[in-house]
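First comes the structure, then the notes that go with it.
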There are 2 protein chains.
Amino acid sequence: MGNNISDIIERYLKRILQQSQSGVIEVQRSELAELFQCVPSQINYVISTRFSVDHGYVVESKRGGGGYIRIRRIDLDEHAPLVSLVRSMGSTISQREAESVIDRLRREQVVSEREAAMLRAAVRREVLNVDLPYRDELRARLLTQMLLALSAAVQRAEDDARPQR
Amino acid sequence: MGNNISDIIERYLKRILQQSQSGVIEVQRSELAELFQCVPSQINYVISTRFSVDHGYVVESKRGGGGYIRIRRIDLDEHAPLVSLVRSMGSTISQREAESVIDRLRREQVVSEREAAMLRAAVRREVLNVDLPYRDELRARLLTQMLLALSAAVQRAEDDARPQR
DNA sequence: ATAATTAAGGTCAGAAATGGTCAAAGTCAA
DNA sequence: TTGACTTTGACCATTTCTGACCTTAATTAT
């Protein structure tokens, strides 16, 4: 994790999000900007690049007096996290988006650190090494197929553990 | 070992890599170039010729503000089977060959069933879906990088694959 | 009530800060 | 002299940071 302001703000928000049991926090844009000595729009940048739906967050806000920005962490479907996640993915995905999906899977412990490491390797642009826009399509196919394969493997494991059908 | 700039930079990087306990270092390309009085792209040359996969390193980078180049050394002793396997693989591999490699890794319990399932998905020709001979090259890159990432992944008890509930 | 003012937050384009690629030119030993 | 290795620089890609301008909501003044 880098040393730029965006990363610092990201860590701050994730920390207080963690501390709040509810998984929801409310902050004020101008106050945050003041705290971190940056322009207010930087907060929007951090939110849009690190707290997107792909990352598993929903952000709402209100303008005017008493305004706020509310960040809510959304958990994956308990029963079929991989399948429902794959369904929500398109036929194209950037490296950044793919990494946010992988981070989220890791956060919710759907994949192990080893599995996440493999996925991260597989979505890197230097590894895919084909020209855009085909690269983003290839990445989407790879990611969805690997996740579906994982899901199937989980299913098989559960079936084996319960042979009485 | 010559005395050209590339060799000097190589020695420098290996020295600080040695000094760092974690086996990972992060450097800034422009800073290094400044330090050794060379053009920035020389750093890329050094990295690609001396810190490649077959040398046992994994390199990642990030552009933009707060960018970096991260070099990670793979522990040869601890993960010998994978690393030597990766080294023995060429720059091209067919689906059939890839599958036999994966099967063998599974038999030898180097990878879990879940990991094997992901690997098998990633090497399928329908998933890669690019023309030969590029497909075989892409498959080789994917397989080597994923296995290397697996080697590099920090392994902790908590990371073990757990079934989803 | 309505209008004006104040207090938030949002957008977007462009600048700044990094790193990457590639091909041409240089060097040096066999 | 040739071929492998090194060095260089022009051009490219990605990520972050900034500020001017815009929208919405609450409060205050008329």
Side-chain angles (χ1 to χ4, degrees), chain A residues 1-13 25-52 54-55 58-71 93-100 103 120 123-136 139, chain B residues 1-13 25-52 54-55 58-71 141:
Chain A
M1 190 68 78
N3 278 358
N4 49 54
I5 300 184
S6 291
D7 288 337
I8 294 171
I9 297 173
E10 174 188 4
R11 277 197 292 271
Y12 171 78
L13 291 175
I25 57 172
E26 252 174 41
V27 294
Q28 289 217 296
R29 189 178 80 146
S30 52
E31 197 179 78
L32 265 189
E34 171 72 22
L35 181 58
F36 291 104
Q37 293 289 296
C38 64
V39 296
S41 58
Q42 176 114 34
I43 308 303
N44 297 87
Y45 175 72
V46 172
I47 285 174
S48 62
T49 55
R50 289 136 160 99
F51 293 87
S52 66
D54 287 336
H55 277 95
V58 169
V59 178
E60 306 156 281
S61 63
K62 195 177 114 183
R63 308 183 185 189
Y68 57 80
I69 297 178
R70 175 158 46 211
I71 303 176
I93 193 170
S94 70
Q95 179 172 340
R96 172 172 278 284
E97 291 167 329
E99 284 168 348
S100 70
D103 285 350
R120 289 195 196 96
V123 301
R124 288 175 52 196
R125 62 179 74 81
E126 308 85 51
V127 175
L128 302 185
N129 195 40
V130 306
D131 290 336
L132 288 173
Y134 310 110
R135 189 164 72 221
D136 285 355
R139 184 182 290 116
Chain B
M1 182 71 74
N3 271 10
N4 52 50
I5 301 186
S6 290
D7 289 335
I8 294 171
I9 297 174
E10 175 188 4
R11 277 197 292 273
Y12 171 78
L13 290 175
I25 56 172
E26 258 176 34
V27 294
Q28 289 216 295
R29 190 178 81 146
S30 51
E31 198 179 75
L32 266 190
E34 171 74 21
L35 181 57
F36 292 104
Q37 293 290 298
C38 63
V39 294
S41 58
Q42 176 114 33
I43 308 303
N44 297 89
Y45 175 71
V46 172
I47 285 174
S48 62
T49 56
R50 289 134 160 102
F51 293 88
S52 65
D54 0 275
H55 286 91
V58 171
V59 178
E60 303 161 282
S61 63
K62 188 178 144 194
R63 307 182 187 189
Y68 57 78
I69 297 178
R70 180 184 304 154
I71 304 176
R141 278 197 306 277

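Every chain is numbered from 1 and lettered A, B, ... according to where its sequence line falls, protein lines coming before strand lines.
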Beyond-backbone contact of Leu32(B) with Gln42(B), side-chain heavy atoms, under 4.5 angstrom | no

Residue pair Arg139(A) / Arg125(A), side-chain heavy-atom distance below 4.5 Å | yes

What are the two closest non-hydrogen atoms of [X] and [Y], and how far apart are they?
X	Y	answer
Asp136(A)	Ser94(A)	OD1-CA, 3.9 Å
Phe51(A)	Val59(A)	O-CG2, 3.8 Å
Asp7(B)	Asn3(B)	OD2-N, 4.0 Å

Summary of protein contacts for nucleotides 16-28 of chain C, nucleotide by nucleotide, where a base hit scores B, a sugar-phosphate-only hit scores S (4.0 Å, heavy atoms) | -BBBBB-------

In this structure, how many angstroms lie between the [atom2] atom of [N] and the [atom1] atom of [X], rounded?
X	N	atom1	atom2	answer
Ile71(A)	dG9(C)	CD1	P	12 Å
Glu34(A)	dG9(C)	CD	C1'	16 Å
Ile43(A)	dA8(C)	CD1	C1'	14 Å
Ile9(A)	dT15(D)	CD1	C1'	15 Å

Quick test: give all pairs of protein nitrogen or oxygen and nucleotides 4-7 of chain D nitrogen or oxygen below 3.5 Å, distance rounded to 0.1 Å.
{"unit_1": "dT6(D)", "atom_1": "OP1", "unit_2": "Arg50(B)", "atom_2": "NH2", "d": "2.9"}
{"unit_1": "dT6(D)", "atom_1": "OP2", "unit_2": "Tyr45(B)", "atom_2": "OH", "d": "2.4"}
{"unit_1": "dT6(D)", "atom_1": "OP2", "unit_2": "Arg50(B)", "atom_2": "NH1", "d": "3.4"}
{"unit_1": "dT6(D)", "atom_1": "O5'", "unit_2": "Tyr45(B)", "atom_2": "OH", "d": "3.2"}
{"unit_1": "dT7(D)", "atom_1": "OP1", "unit_2": "Ile5(B)", "atom_2": "N", "d": "3.0"}
{"unit_1": "dT7(D)", "atom_1": "OP2", "unit_2": "Ser6(B)", "atom_2": "N", "d": "3.1"}
{"unit_1": "dT7(D)", "atom_1": "OP2", "unit_2": "Ser6(B)", "atom_2": "OG", "d": "2.6"}
{"unit_1": "dT7(D)", "atom_1": "OP2", "unit_2": "Gln42(B)", "atom_2": "NE2", "d": "2.4"}
{"unit_1": "dT7(D)", "atom_1": "O5'", "unit_2": "Gln42(B)", "atom_2": "NE2", "d": "3.4"}

Got more than 12 heavy atoms from elsewhere within 6.0 Å of CD, Glu34(A)?
-> no

Other residues, nucleotides, ligands: >12 heavy atoms within 6.0 Å of Glu126(A) CD = yes

Do Asn4(A) and Ser6(A) have a side chain donor and acceptor closer than 3.5 Å?
-> no

Looking at every strand, decide which applies to Arg135(A) at a 4.0 Å heavy-atom threshold: base, sugar-phosphate, or nothing.
-> sugar-phosphate

Heavy atoms under 4.0 Å, any strand shown: does Arg70(B) hit a base, just sugar-phosphate, or nothing?
-> nothing

